[in-house]
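So you know, we letter chains A, B, ... as the sequences are listed, proteins then strands, and number each from 1.
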2 protein chains.
Amino acid sequence: MRLTTRGRYAVTAMLDLALHYEHGPVSLAEIAKRQGISQSYLEQLFAKLRRNRLVDGLRGPGGGYKLGRPGDTISVADVIDAVNESVDATRCGGQRNCQDEHRCLTHDLWEDLSTQIRQFLSEVSLDQLVKRQSVQAVHRLQETQVSDLQTEASI
Amino acid sequence: MRLTTRGRYAVTAMLDLALHYEHGPVSLAEIAKRQGISQSYLEQLFAKLRRNRLVDGLRGPGGGYKLGRPGDTISVADVIDAVNESVDATRCGGQRNCQDEHRCLTHDLWEDLSTQIRQFLSEVSLDQLVKRQSVQAVHRLQETQVSDLQTEASI
DNA sequence: AAAATACCTGAGTATTTTACTCGGATTAGC
DNA sequence: GCTAATCCGAGTAAAATACTCAGGTATTTT
């Protein structure tokens with residue numbers, strides 16, 4: 001099963017979008033700085049997110065990205081599916097040819113696990129994450145850090 | 001999160017052990033042939049399984065491996081933990097230093113997911129797997145295939 | 001219209017992890 | 001003492017991942 005930095009970055013970036021939605025489009029440069037992710041790498045991820053209509057890109061000065069639809073209709077599973085190919089835990093990608101042309105001994109177990117994970121991630125929306133205390137805490141911390149950086153830069 | 005061929009092979013091999021427990025120790029050569037896994041690779045996995053006391057190794061002719069304790073007390077999570085380092089979904093391995101020295105925005109989400117997965121895999125024991133119809137079906141299929149191979153070889 | 005901003009794209013690369021091999025040593029049964 | 005098996009460590013090939021780089025394009029501000 002694939003759950004790597006790629007999926008984690010994508011969810012983090014989408015959550016950043018959701019958190020700053022009210023101030024208009026958010027540029028990748030901002031997200032990159034706030035979340036400590038390479039901007040070029042983010043561009044690749046957002047290309048996929050855009051293809052899946054999870055975000056809208058707005059070009060030009062003052063541009064950036066915004067959510068493609070309301071945050072309560074975007075689940076974590078949606079985001080991960082968009083950038084990974086899937087969260088499948090089987091070796092064969094659900095095709096049941098894991099061993100030679102047959103199912104392997106544990107095929108069904110991994111299929112059940114995949115279902116479980118997918119369901120868990122489907123039940124968590126971006127809006128729900130925004131409301132979480134743990135997210136708000138980190139959010140506030142990041143805001144003060146960014147304003148610190150801005151102060152530093154202006155000296 | 002790490003759930004790759006390694007963990008899947010380990011569970012499959014342990015299940016093979018559980019299925020053939022009654023006939024005395026099972027050699028890695030048999031498992032390798034039946035499950036289509038490289039024997040040398042199995043040796044590495046079983047070294048870890050042995051260190052975690054999930055199996056006992058018996059050397060010499062007629063030797064092989066047997067379960068270290070009853071199959072109803074060995075969970076799939078036990079097996080995966082033994083060969084992977086963990087099924088942790090966080091980037092930081094639960095250390096909360098995912099971004100610089102702080103928690104990243106989504107740390108708690110991945111921690112929750114890890115808990116979920118771990119719980120699911122903890123609730124499935126080897127004995128439960130043995131009883132599953134899907135496992136029994138593949139098991140019977142493998143037995144006939146192996147006897148076919150033996151017949152072929154003896155001609 | 002020019003400049004600046006920021007998205008957009010594709011190709012390429014370094015690193016890491018994984019899956020697997022190889023050679024040999026050790027142990028136990030016949 | 002031969003053979004079958006576990007044990008052990010080092011090394012390697014291939015794949016995936018994370019990331020860079022070099023450009024291009026659309027849009028807004030001036």
Side-chain angles (χ1 to χ4, degrees), chain A residues 1-10 12-13 17 20 24-33 35-66 68 80 83-88 91 93 98-99 104, chain B residues 1-10 12-13 17 20 23-33 35-68 80 83-88 91 93 98-99 104:
Chain A
M1 107 144 239
R2 270 176 284 181
L3 179 49
T4 66
T5 307
R6 188 151 85 229
R8 284 192 288 256
Y9 276 176
T12 302
L17 267 193
H20 298 87
V26 184
S27 73
L28 290 188
E30 293 177 62
I31 301 179
K33 195 181 1 172
Q35 308 305 334
I37 306 174
S38 142
Q39 180 170 344
S40 307
Y41 196 42
L42 275 180
E43 285 178 3
Q44 286 185 14
L45 299 183
F46 272 77
K48 295 185 175 190
L49 294 173
R50 209 178 78 89
R51 256 175 257 138
N52 286 67
R53 304 192 177 279
L54 293 181
V55 296
D56 284 335
L58 300 170
R59 296 181 161 197
Y65 284 96
K66 61 194 188 80
I80 291 184
V83 295
N84 283 4
E85 314 299 346
S86 73
V87 286
D88 189 16
R91 178 182 176 73
C98 355
Q99 189 183 349
C104 72
Chain B
M1 106 143 239
R2 271 175 282 180
L3 179 50
T4 65
T5 307
R6 188 153 84 229
R8 284 191 289 257
Y9 277 176
T12 302
L17 267 195
H20 297 87
H23 308 322
V26 184
S27 73
L28 291 188
E30 292 176 63
I31 302 179
K33 190 178 10 170
Q35 308 306 334
I37 306 174
S38 141
Q39 179 169 345
S40 308
Y41 196 40
L42 276 180
E43 286 179 6
Q44 287 184 11
L45 299 183
F46 272 77
K48 295 186 176 191
L49 294 173
R50 209 178 77 89
R51 256 175 256 138
N52 286 68
R53 305 193 175 279
L54 293 180
V55 296
D56 283 334
L58 299 171
R59 296 182 160 195
Y65 286 95
K66 60 193 189 83
L67 295 182
I80 291 184
V83 294
N84 284 3
E85 314 301 346
S86 72
V87 286
D88 189 17
R91 177 183 177 73
C98 355
Q99 189 184 349
C104 73

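Residue A:T4 has a polar side-chain atom (N or O) positioned under 4.0 Å from OP1 or OP2 of D:dA18. For C:dC20, one of the phosphate oxygens OP1 or OP2 lies less than 4.0 angstrom from a side-chain nitrogen or oxygen of B:Y9. For the OP1/OP2 pair of C:dA19 and a distance below 4.0 Å, the side-chain nitrogens and oxygens of B:T5 include at least one atom meeting the criterion.
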So A:V26 and A:K66, side-chain contact (heavy atoms from CB on, under 4.5 Å) or not? Walk me through it.
CA-CA 7 Å; A:V26 184; A:K66 61 194 188 80; over 6 Å; no

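Distance, B:L42 CG to C:dT21 P: 11 Å, rounded to whole Å. In this structure, OH of A:Y41 is placed 16 Å from C1' of C:dG10, rounded to the nearest angstrom. For the pair B:K66 NZ and C:dA28 P, the computed distance is 15 Å after rounding to whole Å. Atom NZ in B:K48 sits about 11 Å away from atom C1' in C:dT18, given to the nearest Å. Here the P atom of nucleotide C:dC20 and the CG atom of B:L45 are 10 Å apart, to the nearest Å. If you take CD1 of A:I37 and P of D:dC19, they are 9 Å apart, rounded to a whole angstrom.
Within the 4.5 Å cutoff, the side chain of B:L17 has heavy atoms near those of the B:Y65 side chain.
Checked against side chain to side chain contact (heavy atoms under 4.5 Å, CB included), A:S38 has the following partners two or more places apart in sequence or in another chain: A:S40, A:Y41. Checked against side chain to side chain contact (heavy atoms under 4.5 Å, CB included), A:A29 has the following partners two or more places apart in sequence or in another chain: A:S27, A:Q39. For A:Q35, the side chain to side chain contact (heavy atoms under 4.5 Å, CB included) partners are A:T12, A:D16, A:I31, A:I37, A:Q142, B:Q99, B:L105, not counting sequence neighbours. Checked against side chain to side chain contact (heavy atoms under 4.5 Å, CB included), A:N52 has the following partners two or more places apart in sequence or in another chain: A:L54, A:A82.
One finds the CG atom of A:D56 at 8.0 Å from the CZ atom of A:R50 (value rounded to the nearest 0.5 Å). Distance check: A:I80 CD1 to A:L3 CG gives 5.0 Å after rounding to the nearest 0.5 Å.
The two residues B:P25 and B:G62 have their closest heavy-atom pair at CG-O, 3.6 Å.
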When you check every protein heavy atom under 4.0 Å of nucleotides 3-13 of chain D, what one-letter string (B, S, -) results, 5' to 3'?
BBSBBB-B---

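Rounded to 10 degrees, the angle separating the terminal helix axes of the helix from C:dA1-D:dT30 to C:dC30-D:dG1, each built from five base pairs, is 10°.
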